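For clarity, every value in this text was computed on a predicted model and none was experimentally measured.
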Amino acid sequence: MSLDPRSIHEVPELTRRVARAAFPKGSLAIRLRDSLGQVFDDALFAEAFPADGRPAASPGALAMVSVLQFAEGMSDRQAAEAVRARIDWKYLLGLELEDCGFDHTLLSRFRSRLVEQGVEEKVLTAVLEAAAGQGLLRRGGRQRTDSTRVVADVRQLNRMEFVAETLRSALEALAAAAPQWLEPILAERRTDWVGHYGERVDSWHGLSKDQDRQAWLEQVGEDGFHLLAAVWRPASPGWLPRIPAVEVLRQAWIQQYHQDEDGIWVREGGDLPPGRQRLASPYDTDARFGTKRTTSWTGYCLHLTETCDGDLPRLITDVATTSAAEGDDSQALAGIHSRLQQRDLLPGEQLVDSGYVTAATLVTAREQHGLDLVGPARAATGNKDRQLFGHDDFLIDDQQRHAVCPAGKTSTSWATTRAGHGSRTPLVQVRFDAETCRACPLRPQCTTAGNGKWGRALTLREPAQRAALQRRRQEQATDAWQARYRPRAGIESTVCQIIRRTRARRTRYKNIAPTHLGHCLAATAINLARIDAWQQGHRPEPTRVSHLCRLLKAHPE
């Protein structure tokens with residue numbers, strides 16, 4: 001396909017008259033066309049299409065249809081049918097009444113092209129620019145950010161199911177691509193290939209009583225290594241390793257097994273790679289297993305940032321999609337701030353929960369982007385229930401390079417280190433004399449090091465970060481700061497809206513890039529609905545108050 005840009009044109013007269021007659025009070029599509037015009041120009045997607053070749057359908061029209069199908073919860077087939085059948089959609093797209101639209105497969109091909117070219121966010125950016133042009137969005141002000149889980153469109157598998165389904169997927173792919181090559185390879189091993197890998201694991205009922213889990217895992221591992229060794233034989237076709245399912249099998253077997261001259265061993269415990277690297281499904285190689293408090297899922301995290309100034313509509317200004325295994329929300333802030341800066345939409349104040357607040361993010365947000373990160377900091381190191389001393393109980397002197405403990409003893413060493421392997425975050429390791437700590441009467445409140453062999457040790461961040469964290473812990477206890485932070489709770493309604501209206505709790509697509517595109521389309525759909533509601537005079541309602549509370553406030557006596 002190539003791009004054949006259409007010039008911006010008016011809605012055909014016949015389409016206009018019929019739409020006005022059919023919708024005398026208007027509809028979302030009609031009002032959007034009247035207020036925002038043609039939001040998605042074809043030239044916006046020029047970099048995603050070649051200049052030569054067969055002309056494509058209008059990318060701007062495909063983008064608008066992709067957004068509307070999220071707004072109305074439609075499949076590709078239903079969205080393509082709506083283009084052919086619905087008058088208000090023809091009005092929005094500027095089509096003649098007799099226009100037969102396009103085949104539904106164009107929508108998936110359009111999304112794939114956006115992902116391949118890395119322009120997933122152009123749709124969201126175009127709507128934000130249109131809103132800013134009408135004075136509905138401005139730089140500075142106040143915004144708020146929160147995250148929610150997104151479940152991958154795959155089945156959650158235990159370890160036995162995962163290795164079996166991964167091997168079965170590779171066998172299916174090879175049976176379809178190279179059946180004549182695969183048949184003699186399978187005959188080399190006395191394995192019941194059909195009985196073990198002929199059906200998907202969703203029809204598998206576990207091991208029988210006489211089967212051992214470890215032996216079963218080793219058997220699957222041997223079968224997989226046999227297949228991989230055959231793929232990489234010199235006599236095998238050179239394109240076999242490039243089959244995606246075979247590459248997934250290779251990665252999974254590296255993570256789950258190791259092979260040496262003594263045989264095949266199943267990796268256990270610390271021998272397994274960390275969760276952020278370990279595959280969770282053979283069909284979505286970016287999905288990871290994640291846990292937050294009491295909730296566990298396989299998939300991703302969705303981070304939403306929206307404006308929350310009272311005199312303007314609440315519009316989503318940024319969407320971030322991260323792995324569920326990352327766990328730490330603060331790692332997403334750097335990307336969020338970078339994209340907001342590119343759109344010239346950096347806020348003066350960003351309201352977040354404690355997951356985004358660390359010593360580093362407090363300082364970085366202020367120094368690099370000039371914004372105030374407003375959120376509660378976690379409690380200082382130490383167990384308040386057991387009354388253990390935390391970092392705040394020590395006097396730190398960065399100039400003299402020493403620390404003084406609550407008992408008045410001075411540290412004996414001060415060394416600079418890093419946060420972890422490959423990390424650039426500078427840290428300071430402070431240690432106290434072991435003999436002094438052993439004889440200290442405050443030792444039970446200070447350190448839990450066993451047998452009295454070690455003195456107290458502190459791991460400190462740089463002075464600016466420590467000062468920012470201490471200030472936040474002090475100010476978040478005041479009523480003024482609590483009143484300033486209170487509007488953050490409103491982001492929960494946005495999370496609820498995008499989940500309920502666009503069904504964002506479970507992604508429609510495989511892998512993180514298509515999932516992120518889906519999130520951008522969902523956020524754009526919410527923005528268009530909110531712009532329309534604002535222009536119709538509907539304002540976000542404050543938190544509902546019960547009739548009983550309203551009565552008691554009116555008659556306090």
Side-chain angles (χ1 to χ4, degrees), residues 128 131-132 135-148 301-320 322 326 328-380 391-392 396 398 419 424-426 460-495 523 540 542-543:
L128 293 175
L136 302 177
L137 192 62
R138 62 169 177 258
R139 191 178 191 274
R142 186 166 54 183
Q143 297 185 25
R144 52 197 178 193
T145 301
D146 199 9
S147 66
T148 187
C301 281
L302 169 61
H303 302 260
L304 296 173
T305 302
E306 70 168 5
T307 60
C308 55
D309 294 317
D311 58 336
L312 292 174
R314 295 183 289 109
L315 300 181
I316 299 174
T317 56
D318 186 76
V319 175
T322 60
E326 288 187 7
D328 188 1
D329 289 340
S330 64
Q331 296 179 6
L333 274 182
I336 293 173
H337 292 159
S338 177
R339 290 186 293 272
L340 289 176
Q341 188 172 33
Q342 292 175 3
R343 298 181 181 124
D344 196 26
L345 290 175
L346 275 173
E349 185 175 276
Q350 186 177 13
L351 309 179
V352 295
D353 63 19
S354 60
Y356 294 91
V357 178
T358 65
T361 55
L362 287 173
V363 174
T364 302
R366 171 58 61 185
E367 293 182 351
Q368 296 186 3
H369 302 288
L371 64 88
D372 191 4
L373 197 65
V374 181
R378 293 187 175 96
H391 287 184
D392 292 345
I396 311 298
D398 293 281
R424 297 183 179 181
T425 303
L460 307 175
R461 291 186 176 269
E462 59 183 16
Q465 294 184 4
R466 293 204 308 273
L469 201 57
Q470 288 176 352
R471 285 195 304 270
R472 178 53 48 83
R473 286 169 178 161
Q474 293 171 359
E475 65 186 6
Q476 70 190 32
T478 64
D479 293 338
W481 189 91
Q482 292 291 337
R484 181 186 178 193
Y485 180 66
R486 191 169 294 116
R488 192 217 70 89
I491 189 67
E492 303 291 349
S493 64
T494 299
V495 173
T543 303

Audit row: Q143, L340, side-chain contact (heavy atoms from CB on, under 4.5 Å) steps and yes/no: CA-CA 11 Å; Q143 297 185 25; L340 289 176; 4.0 Å; yes
side-chain contact (heavy atoms from CB on, under 4.5 Å) between E349 and R144, intermediate numbers included: CA-CA 8 Å; E349 185 175 276; R144 52 197 178 193; over 6 Å; no
From CA spacing to verdict: side-chain contact (heavy atoms from CB on, under 4.5 Å), R339, R343: CA-CA 6 Å; R339 290 186 293 272; R343 298 181 181 124; 4.1 Å; yes
Worked verdict on D353 versus D146 for side-chain contact (heavy atoms from CB on, under 4.5 Å): CA-CA 7 Å; D353 63 19; D146 199 9; 3.2 Å; yes
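A donor-acceptor pair is defined here as one N or O able to donate and one able to accept, closer than 3.5 Å; such a pair exists between the side chain of Y485 and the backbone of V352.
Taking all atoms of both residues into account, the shortest heavy-atom contact from A360 to R461 is CB-NH1, 4.4 Å. The minimum heavy-atom distance linking V363 with A464 is given by the pair CG2-O, 3.7 Å. Of all the heavy atoms in P376 and Q476, the pair that sits closest is CA-OE1, 3.3 Å. Of all the heavy atoms in R378 and V357, the pair that sits closest is NH1-O, 4.4 Å. Between S147 and H303, the shortest heavy-atom distance links the atoms CB-ND1, 3.5 Å. Between T358 and L469, the shortest heavy-atom contact is C-CD1, 4.4 Å.
Side-chain contact between L351 and L373: absent, with no pair of heavy atoms (C-beta onward) separated by less than 4.5 Å. By the 4.5 Å heavy-atom criterion applied to side chains, I316 and D318 are not counted as neighbours. H369 is listed as a side-chain neighbour of Q341, based on a closest heavy-atom distance under 4.5 Å. Under the 4.5 Å side-chain criterion, counting only non-hydrogen atoms from C-beta, W481 is in contact with V374. Side-chain contact between R142 and P487 is present, with at least one heavy-atom pair separated by less than 4.5 Å.
Side-chain contact annotation: D309 with T307, donor-acceptor N/O pair under 3.5 Å absent. Using modelled atom types, one finds no donor on one side chain facing an acceptor on the other under 3.5 Å when comparing T317 with E306. No side-chain donor-acceptor contact under 3.5 Å links T364 and T361.
With rounding to the nearest 0.5 Å, the separation of CD in Q331 from CD1 in I336 is 12.0 Å. Taking OG1 of T322 as the start and CG of D329 as the end, the distance is 7.0 Å to the nearest 0.5 Å. Taking CD of Q470 as the start and NE2 of H391 as the end, the distance is 11.0 Å to the nearest 0.5 Å. Annotation: the span from C308 atom SG to R488 atom CZ amounts to 10.5 Å, rounded to 0.5 Å. For the atom pair L362 CG and R366 CZ, the distance stands at 10.0 Å (nearest 0.5 Å). In this structure, CZ on R484 lies 14.5 Å from CG on D479, to the nearest 0.5 angstrom.
With sequence neighbours left out, T145 forms a side-chain hydrogen bond (donor to acceptor under 3.5 Å, both in side chains) with T305, Q350.
Under 4.0 Å is where a charged nitrogen must lie from a carboxylate oxygen, and between R472 and D372 at least one such pair does.
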